[in-house]
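First the structure, in the form of structure tokens, and then the observations on it.
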Amino acid sequence: MSEKVFPKDFMWGAATASYQIEGSPLVDGAGSSIWHRFSHTPGNTYNGDTGDVADDHYNKYKEDIALMKELGLKAYRFSISWPRIFPYGKGKINEKGVDFYNRLVDELLKANITPFVTLYHWDLPAALQDLGGWTNRDIAYWYTDYADYMFQRFGDRVKNWITLNEPWVMAFVGHFMGEHAPGMKDLYASFSAVHNQLRAHSKTVKTFREENIKEGKIGITLSNTSHDPAADSQEDIDAARLAHEWSNYPLFLNPIYKGDYPKGIKEHVSEFLPHNYENDLEEIKEKIDFVGINYYSGDLVKTDTKSFLGGKTVERGLPKTEMGWEIYPEGFYKILKGVQEEYNPKEVYVTENGAAFDDKVVNQEVHDEKRIEYLKQHLEQALRAIQNGVTLKGYFAWSLLDNFEWAWGYSKRFGIVYVDYKTQKRIIKDSGKWYSQVIKNNSFEF
Ligand SMILES: CO[C@H](O)c1c[n+]2c([nH]1)[C@H](O)[C@@H](O)[C@H](O)[C@H]2CO
């Protein structure tokens, strides 16, 4: 492999999520989700934006798949909206919801694009939230039943399955910071959500094995920020390590691969873990086929006894994206190398990497040079990771389309394709054209 070319058959893709692009949240029998409720609650999202229309992908999926084909994508990562399938989370099945995803999957296969399905990307059926949601231990069964039904209906055509998208964000941004659905601010609820997501994940992996899906693979997608110590002092090093164990892949991969929470979590915050959590660890320790790594940015951590987990983020003057996140490609390498060294997964996929910039349309074009530079710098680090032993098999740019950026609404654009929300017109940005060349050449240098 030349120093600038990715391995043969490297899986180049782009990613989206149901609530962020589909629109039509209650159409054709779909049930309400916690994000439908949260975004319709005044004050929760920028400008009061909701996912009611989004990119209207529910109706425009064929046009969007044609765009994917034009870009030359090998794979497409998307999520299934649980409440489209089970409007109340369990029990009654909504065949029209199943039908939408049947049509989507069949259209992808027709375009020779490999589907990567995320079973849960935060749009929990609202009816289950009324029963406690991720803080109710029974959700592990409700989720596994939903996942198993998806395996039975789609397992003949979908071979790559991701159980959960970023369980840390669901648990802490949704249950501690209150900035995401369901909008709670309860640290005990957060750790209960961590634990029940792990239980749901591992029960689902076991069920996946029993379904014996031919050539099927299952994994989990985890959020990561590269935390560097502000100074070469033991306090800052410890604070950065603890931030890593709490907010990055170790919080979930340590239980999955090693059968317990990370050492620092047990030493510093075990009081917040559910009572008798140890009884579930054996069951949670269940082999997976790949790890999905989401990476966007890094930060500098300084010891601070007044902060949660004894560390706070400090400035280091790096350039930032529209989200205010540092542009730190070196951190991408550190996270990829770290996960391989700490857990040695059989396969790793980058399931999200991308950036928001202030994109403008000029004569029906979008010249987003900053995004091209961001993607190039991060692909360089991904290739470096492969050359240093990381079993990286694919990369999904976040995102295919500009979309509903959660509490930021439509104010932040991550797409390699621009969406005019007034007309729903799509415009392939320069970054989309550039990425199309990367895929064609299997290299970021051409
Ligand atoms: C620190 O960034 C997180 O890992 C993260 C960033 N992102 C995500 N997680 C989510 O998985 C996507 O739904 C977001 O649209 C996307 C862009 O914000």
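Whatever order the structure lists ligands and atoms in, that order sets their numbers, starting from 1. Worth knowing before you read on, the calculation uses all heavy atoms, side chains too, and leaves out hydrogens, waters and symmetry mates.
Distances below 4.0 Å separate heavy atoms of F414 from the following atoms of ligand 1: 17 (C), 18 (O). Listed by atom number, the atoms of ligand 1 under 4.0 Å from E405 heavy atoms are 14 (C), 15 (O), 17 (C), 18 (O). The E166 neighbourhood of ligand 1 comprises atoms 3 (C), 4 (O), 5 (C), 8 (C), 9 (N), 10 (C), 11 (O), with distances under 4.0 Å to a heavy atom of that residue. The atoms of ligand 1 that sit less than 4.0 Å from any heavy atom of W122 are 10 (C).
Of the listed options Y19, W398, W168, Y296, Y296 places a heavy atom closest to atom 2 (O) of ligand 1.
For Y76 and F116, the ring centers sit 6.0 Å or farther from each other. Aromatic rings of F172 and F191 (six-membered ring for Trp) have centroids within the 6.0 Å cut-off, being under it. Aromatic ring centres of Y249 and H244 lie closer together than 6.0 Å. Aromatic pair W408/Y46: centroids not less than 6.0 angstrom apart.
With a heavy-atom cut-off of 4.0 Å, W406 touches ligand 1 through its side chain alone. At a heavy-atom distance under 4.0 Å, no atom of K412 approaches ligand 1. Of the heavy atoms in N165, only side-chain atoms (C-beta onward) come closer than 4.0 Å to ligand 1.
Residue contacts with ligand 1 include W325, since one of its heavy atoms falls under 4.0 Å from the ligand.
The shortest N or O to N or O distance between H121 and ligand 1 is under 3.5 Å. In terms of polar-atom proximity, S223 is not counted as a contact of ligand 1, lacking any N or O under 3.5 Å from an N or O of the ligand.
There is a side-chain donor-acceptor pair under 3.5 Å between Y261 and H195.
Heavy atoms from other residues, nucleotides or ligands lying under 6.0 Å from NZ of K433 number more than 12.
Nearest protein neighbour of atom 13 (O) of ligand 1, counting heavy atoms only, is Q20 OE1, 2.7 Å. Regarding atom 10 (C) of ligand 1, its nearest protein heavy-atom neighbour is E352 OE1, 3.4 Å.
With respect to W122, the ring pair (Phe, Tyr, Trp, His ring centres under 6.0 Å) criterion is satisfied by exactly one of Y19, W406, W35: W406.
Taking the six-membered ring where tryptophan is involved, the planes of Y435 and W12 are perpendicular, since the angle between them exceeds 60° and thus also 30°.
Within the 4.5 Å cutoff, the side chain of Y101 has heavy atoms near those of the I85 side chain.
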